[in-house]
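This report concerns only the one structure given below.
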Amino acid sequence: PFYVAALYKFVDLPDFADLRAPLQALCEAGQVKGTLLLAREGINGTIAGPQAGVMAVLDWLRSDARLATLQHKASGATTPPFHRLKVRLKREIVTLRVPELDPNKTVGQYVAPQDWNALISQPDVVVVDTRNDYEVAIGTFQGARNPNIKTFTELPAWVDAQPDLQAQPGPDGSAKKPRVAMFCTGGIRCEKSTALMKMKGYDEVYHLEGGILKYLEEVPPEQSLWEGECFVFDERVSVGHGLAPGPYELCRSCRWPLSAADKASPHYVKGVSCAHCHDQRTPEEKARLAERQRQVELAEA
């Protein structure tokens with residue numbers, strides 16, 4: 001019953017602040033919830049609700065000539081993926097803090113999901129997962145490099161520190177940087193990460209068009225090089241092939257995705273802590289989280 005639309009577009013929006021109020025009103029009128037980020041560089045977000053309400057929002061956005069080609073990735077959910085609506089004004093729609101980057105001018109080469117396996121199977125291609133550590137923890141592509149970053153802003157420094165990503169001498173004595181393939185959940189991080197690589201002098205940079213979500217939607221499981229689940233930023237927590245909701249649950253204290261085995265840990269207390277954060281919370285914090293969980297359960301009851 002819930003139509004989920006993930007969307008983004010890099011485009012110059014000098015009047016982005018003026019879009020917030022009508023966008024918020026339209027979402028509220030259509031019972032649409034989720035998060036939409038607006039910035040000078042474009043729009044990014046995921047929304048969910050009745051299909052008619054979500055489509056009304058998308059149609060309104062596309063009525064702006066600058067957003068006429070806005071694409072979205074659709075999926076479904078049987079329970080509400082979001083509990084509230086947030087339409088926010090930001091400096092960047094995905095934060096990298098490299099102000100000289102402009103994905104509207106230079107990005108890597110798009111690779112369709114059907115062609116992705118052939119690319120990342122080539123031995124001279126370095127495959128980089130650009131997502132955060134907790135996302136990579138539950139699934140990634142075979143052979144992909146995990147930067148082990150806490151936030152996307154750490155990626156530039158990680159790239160600079162990798163010996164195998166630096167220029168190597170060729171047979172003719174000239175130095176050449178390796179071919180790099182990058183991927184993320186829906187494609188937006190790769191717009192900036194491949195633009196970053198181009199800025200750093202990488203000539204052959206590729207990224208998965210539509211991200212992991214499009215790959216899982218279009219590539220059959222028997223042909224897939226994906227292993228595990230794909231983390232998503234809503235109450236589904238993860239999705240698998242065919243974008244079917246996965247088995248994970250969020251730790252409400254640190255937001256780490258938890259498997260059944262994680263929840264069997266003696267450090268797991270629903271809504272309070274898990275093995276990843278139990279020693280990072282004071283007794284006072286744990287008491288506050290326990291009271292919050294009690295209120296949530298009372299509200300659900």
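Looking only at distances, no side-chain donor or acceptor of Gln223 sits under 3.5 Å from a matching main-chain atom of Pro220. A donor-acceptor pair is defined here as one N or O able to donate and one able to accept, closer than 3.5 Å; no such pair exists between the side chain of Arg236 and the backbone of Pro81. Although no hydrogens or angles enter the test, the distance criterion places a donor-acceptor pair under 3.5 Å between the side chain of Thr130 and the main chain of Phe183. Of the possible donor and acceptor atoms, none in the side chain of Thr194 sits under 3.5 Å from a partner among the backbone N and O of Tyr206. Lys286 places a side-chain N or O within donor-acceptor distance of the main-chain N or O of His278, the cut-off being under 3.5 Å.
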> Step by step, would you call Arg252 with Val296 a side chain to side chain contact (heavy atoms under 4.5 Å, CB included)?
Replying inline: CA-CA 11 Å; Arg252 297 298 172 179; Val296 168; over 6 Å; no
> Between Tyr8 and Val94, does a side chain to side chain contact (heavy atoms under 4.5 Å, CB included) hold up when you go through it step by step?
Replying inline: CA-CA 10 Å; Tyr8 78 87; Val94 57; over 6 Å; no
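Comment: Glu204 engages Lys176 in a salt bridge, judged by a side-chain N to carboxylate O separation of less than 4.0 angstrom. Under 4.0 Å is where a charged nitrogen must lie from a carboxylate oxygen, and between Glu28 and Arg84 no such pair does. A salt bridge does not link Lys73 with Glu217: every distance from a Lys NZ or Arg NE/NH1/NH2 to an Asp or Glu carboxylate oxygen is 4.0 Å or more. Under 4.0 Å is where a charged nitrogen must lie from a carboxylate oxygen, and between Glu297 and Lys270 no such pair does. Salt-bridge formation is detected for the pair Lys200/Asp160: a Lys NZ or Arg NE/NH1/NH2 atom is positioned less than 4.0 Å from an Asp or Glu carboxylate oxygen. A salt bridge does not link Arg145 with Asp129: every distance from a Lys NZ or Arg NE/NH1/NH2 to an Asp or Glu carboxylate oxygen is 4.0 Å or more. A salt bridge links Arg294 with Glu291: the closest approach of a Lys/Arg side-chain nitrogen to an acidic carboxylate oxygen falls below 4.0 angstrom. For Lys192 and Glu41, the salt-bridge test passes: some basic side-chain N is under 4.0 Å from an acidic carboxylate O. Salt-bridge formation is detected for the pair Asp15/Arg66: a Lys NZ or Arg NE/NH1/NH2 atom is positioned less than 4.0 Å from an Asp or Glu carboxylate oxygen.
Between the side chains of Ser265 and Asp262, not a single donor N or O lies within less than 3.5 Å of an accepting N or O. For the residue pair Gln162 / Gln166, no side-chain donor-acceptor distance below 3.5 Å is found, with atom types taken as modelled. A donor atom on one side chain and an acceptor atom on the other are not found under 3.5 Å apart for Asp115 and Tyr110.
Ring pair His276/Trp256 is parallel by interplanar angle, where below 30° counts as parallel and above 60° as perpendicular.
No side-chain heavy atom of Leu225 sits less than 4.5 Å from a side-chain heavy atom of Trp116.
A cation-pi arrangement is found for Lys177 relative to Tyr202, the charged atom lying closer than 6.0 Å to the ring centre and inside a 45° cone about the ring normal. Relative to the six-membered ring of Phe231, Arg131 misses at least one condition, a distance below 6.0 Å or an angle of at most 45° to the axis.
Closest heavy-atom contact between Pro50 and Gly30: CD-O, 3.6 Å.
For Arg292, the CZ atom counts as densely surrounded, since its 6.0 Å shell holds more than 12 non-hydrogen atoms of other residues, nucleotides or ligands.
Aromatic pair Phe141/Tyr215: ring centres closer than 6.0 Å.
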